[in-house]
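Below is one structure, written out as structure tokens; comments come after it.
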Amino acid sequence: MNAFSKIVNQETFNKQDLISMLNTVGDEQALLYQKSRAVKDYYIGNTVHLRGLIEYSNVCIKDCLYCGIRKSNKNTQRYTLSDEDVFQCALYALENNYGSIAIQAGERTDQLYISKITSLLKEIKKLSNGKLGITLSLGEQTLDTYKEWFDAGAHRYLLRIETSNRELYSKIHPNNRLHNFDKRIEALQNIRKVGFQLGTGVMIGLPHQTIENLADDLLFLKAMDVDMVGMGPYIEHQDTPLHEMNHLLKSRQERLDLTIKMIATLRILMKDINIVGATALQAIDKMGREKAIRYGANILMPNITPGNFRKKYKLYEDKPCTDENSVDCNNCIDARMSLIGSRIGYNEWGDSRHFTNSKFNP
Ligand code: SAH
Ligand code: SF4
């Protein structure tokens with residue numbers, strides 16, 4: 001057995017091991033992918049689960065330096081879906097046997113908004129007879145808010161740490177109370193505390209980010225013992241302050257390759273968690289999400305937001321499916337998955353096996 005083959009076949013991995021896995025090229029990269037596929041086949045199988053993504057609103061109180069819908073971007077026309085639109089999306093997911101939906105939006109923490117989400121959740125539970133699983137991705141909230149939304153029927157929550165490196169975090173966010181690394185960590189702990197399946201993740205290929213940082217990100221995900229991970233390439237957006245750092249970026253293709261290696265390495269490191277094939281991968285390569293599924297991911301989030309709003313939820317440039325309607329997306333996902341030998345787990349929640357088996361599951 002050569003030295004690299006020995007590394008990927010270990011049971012535990014230190015930072016140096018992870019760095020070598022992320023630096024692989026050629027035969028070693030093929031070996032990494034062979035291993036991550038074998039781990040996925042054994043622990044997860046070839047079923048991909050869907051979360052129909054509802055981009056509920058692009059109104060946001062925050063100013064993350066990388067994000068196209070940040071508060072200070074005056075070129076974004078703001079919208080919030082009507083209740084009726086949200087119910088239509090939920091019904092669409094139900095009728096198409098998606099099993100789950102995910103509600104995502106810019107961050108808002110006012111009481112009116114909190115109560116609105118609570119009532120939407122209750123209504124969706126009712127209209128689907130409890131059949132639709134619900135993931136939320138609505139940013140940092142208080143423990144009480146998380147609890148209220150959990151009690152209203154959501155059971156998974158995604159909040160990316162974006163980077164686990166405190167210094168890098170402060171380079172990609174304004175330095176004020178609203179954008180605080182410690183508060184982010186506390187929010188993740190609170191999400192877990194109220195009983196959600198906990199999801200987090202990072203952006204890959206950020207300016208100033210090193211391979212060492214990414215290896216630390218993987219160790220962070222492992223130490224947090226998360227149930228789900230959504231991570232994708234950083235993609236520039238011209239109306240954001242981070243755009244000024246474009247000269248520091250790796251090529252988009254390199255960011256894509258690195259993301260696939262992160263996903264493969266994570267699958268080997270955390271064998272039974274749910275990993276999302278992020279939509280941002282598709283912005284770089286038409287087959288980006290398929291590659292992610294092939295080498296480790298098992299969750300897809302097809303966009304089911306009404307077509308006329310999608311262009312306005314523009315986190316980054318070249319966001320895919322912005323001028324399609326949901327039906328096109330639905331058909332294309334089915335065909336794309338069978339092409340790579342995967343099947344879609346229709347009508348199933350597809351909860352994280354890691355959570356089902358874990359000490360946090362009451
Ligand atoms: N407001 C919520 C959810 C919406 S943003 C939140 O911030 O958690 C969802 C994710 O989009 C963010 O976590 C971030 O990782 C990603 N994102 C934002 N801008 C991006 C960009 N320019 N490139 C790639 N991903 C981006
Ligand atoms: Fe708002 Fe989320 Fe974008 Fe930050 S990443 S500006 S919180 S939508």
Side-chain angles (χ1 to χ4, degrees), residues 51 53-76 78-80 102-109 113 117 135-141 145-146 149 154 156-164 168-169 172-174 176-181 183-185 187-188 190-191 196 198-207 209 217 221 228-246 249-250 252 255-256 258-259 262 276-284 288 301 303 305 310 312-320:
R51 282 68 177 109
L53 177 66
I54 304 173
E55 294 167 334
Y56 174 58
S57 171
N58 65 358
V59 177
C60 189
I61 58 168
K62 287 173 90 167
D63 248 335
C64 307
L65 301 181
Y66 43 83
C67 178
I69 63 169
R70 63 198 298 271
K71 182 182 176 204
S72 300
N73 183 7
K74 300 283 179 274
N75 294 333
T76 293
R78 306 289 163 173
Y79 75 88
T80 300
I103 304 176
Q104 195 184 76
E107 200 170 296
R108 267 181 69 182
T109 54
Y113 181 75
I117 297 292
T135 304
L136 295 181
S137 178
L138 301 173
E140 284 169 43
Q141 305 289 341
T145 302
Y146 287 139
W149 291 347
R156 301 181 282 240
Y157 204 104
L158 272 174
L159 178 72
R160 286 184 176 177
I161 186 72
E162 315 295 359
T163 168
S164 64
L168 182 55
Y169 191 93
I172 61 168
H173 295 99
N176 59 31
R177 215 169 35 85
L178 257 190
H179 305 78
N180 180 287
F181 185 77
K183 265 189 60 200
R184 193 100 178 154
I185 300 272
L188 289 172
N190 285 340
I191 290 168
F196 280 112
L198 173 64
T200 187
V202 295
M203 281 182 287
I204 295 154
L206 288 161
Q209 190 181 43
D217 288 341
L221 298 172
M228 332 179 277
V229 171
M231 52 188 181
Y234 163 67
I235 302 179
E236 54 278 35
H237 187 300
Q238 61 179 4
D239 295 330
T240 64
L242 215 58
H243 198 251
E244 285 164 21
M245 300 284 140
N246 277 2
L249 294 178
K250 294 184 195 315
R252 284 193 177 188
R255 280 175 262 164
L256 176 99
L258 198 49
T259 304
M262 279 287 279
V276 183
T279 312
L281 287 163
Q282 214 187 337
I284 299 182
M301 299 173 68
N303 198 340
T305 312
R310 291 190 197 179
K312 296 183 182 150
Y313 197 85
K314 201 169 169 205
L315 306 172
Y316 46 82
E317 286 165 16
D318 303 323
K319 192 163 160 272

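Keep in mind that the numbers below use all heavy atoms, side chains included, and drop hydrogens, waters and symmetry copies. First listed ligand is number 1; within each ligand, the first listed atom is number 1.
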Got the closest protein heavy atom to [atom], with its distance?
atom: atom 16 (C) of ligand 1; result: R160 NH1, 3.7 Å
atom: atom 9 (C) of ligand 1; result: Q104 NE2, 3.7 Å
atom: atom 11 (O) of ligand 1; result: L315 CD1, 3.5 Å
atom: atom 26 (C) of ligand 1; result: M203 SD, 3.6 Å
atom: atom 7 (O) of ligand 1; result: R184 NH2, 4.2 Å
atom: atom 23 (N) of ligand 1; result: I235 N, 3.0 Å
atom: atom 19 (N) of ligand 1; result: Y66 CD1, 3.4 Å
atom: atom 12 (C) of ligand 1; result: E162 OE2, 3.3 Å

Where do [X] and [Y] come nearest, in terms of heavy atoms and distance?
X: Y169; Y: N180; value: CE2-C, 4.1 Å
X: C60; Y: K71; value: O-CB, 3.4 Å
X: L206; Y: L168; value: CD1-CD2, 4.4 Å
X: G232; Y: R160; value: N-NH2, 3.7 Å
X: T76; Y: K312; value: CG2-O, 4.0 Å

As a quick check of understanding, evaluate side chain to side chain contact (heavy atoms under 4.5 Å, CB included) for L65 and T240, giving each step before the final call. CA-CA 6 Å; L65 301 181; T240 64; over 6 Å; no
If you count the atoms of ligand 1 from 1 in the order shown, which ones are under 4.0 Å from a heavy atom of [X]?
X: P233; answer: 24 (C)
X: G106; answer: 1 (N)
X: S137; answer: 3 (C)

Below 3.5 angstrom, do we get any N/O pair linking [X] and ligand 1?
X: Y234; answer: no
X: G68; answer: no
X: H237; answer: no
X: Y316; answer: no
X: A105; answer: yes

Where's the contact between Y313 and ligand 1, heavy-atom distance under 4.0 Å: side chain, backbone, both or neither? side chain
Using a 4.0 Å heavy-atom cut-off, say whether C60 meets ligand 1 through its side chain, its backbone, both or neither. neither
Residue-atom pairs from the protein, N, O or S only, that lie under 2.8 Å from atom 3 (Fe) of ligand 2: C67 SG
Listed by chain and number, what are the salt bridge (Lys or Arg N to Asp or Glu O under 4.0 Å) partners of R108, not counting sequence neighbours? D110
Got a sec, which residues hit salt bridge (Lys or Arg N to Asp or Glu O under 4.0 Å) with D239, two or more places apart in sequence or on another chain? none
Going by heavy atoms in the side chains, are [X] and [Y] under 4.5 Å from each other?
X: Y316; Y: T279; answer: yes
X: V59; Y: Y113; answer: no
X: Q141; Y: T109; answer: yes
X: N303; Y: Y313; answer: no
X: E55; Y: I69; answer: no

Which residues pass the side-chain hydrogen bond (donor to acceptor under 3.5 Å, both in side chains) test with E140, not counting sequence neighbours? K62, R184
Is there a heavy atom of [X] sitting under 4.0 angstrom from any atom of ligand 1?
X: G201; result: no
X: G232; result: no
X: A280; result: no

Closest to atom 6 (C) of ligand 1 by heavy-atom distance, out of C67, G139, G230, is G139
Atom 2 (Fe) of ligand 2: protein heavy atom closer than 4.0 Å? no
Between Y234 and Q209, is any side-chain donor less than 3.5 angstrom from a side-chain acceptor? no
Below 30° counts as parallel, above 60° as perpendicular, anything between as tilted: where do the rings of Y146 and Y157 land? perpendicular
Apply the side chain to side chain donor-acceptor pair (under 3.5 Å) test between Y66 and each candidate in H237, H243, H173; give the one that qualifies. H173
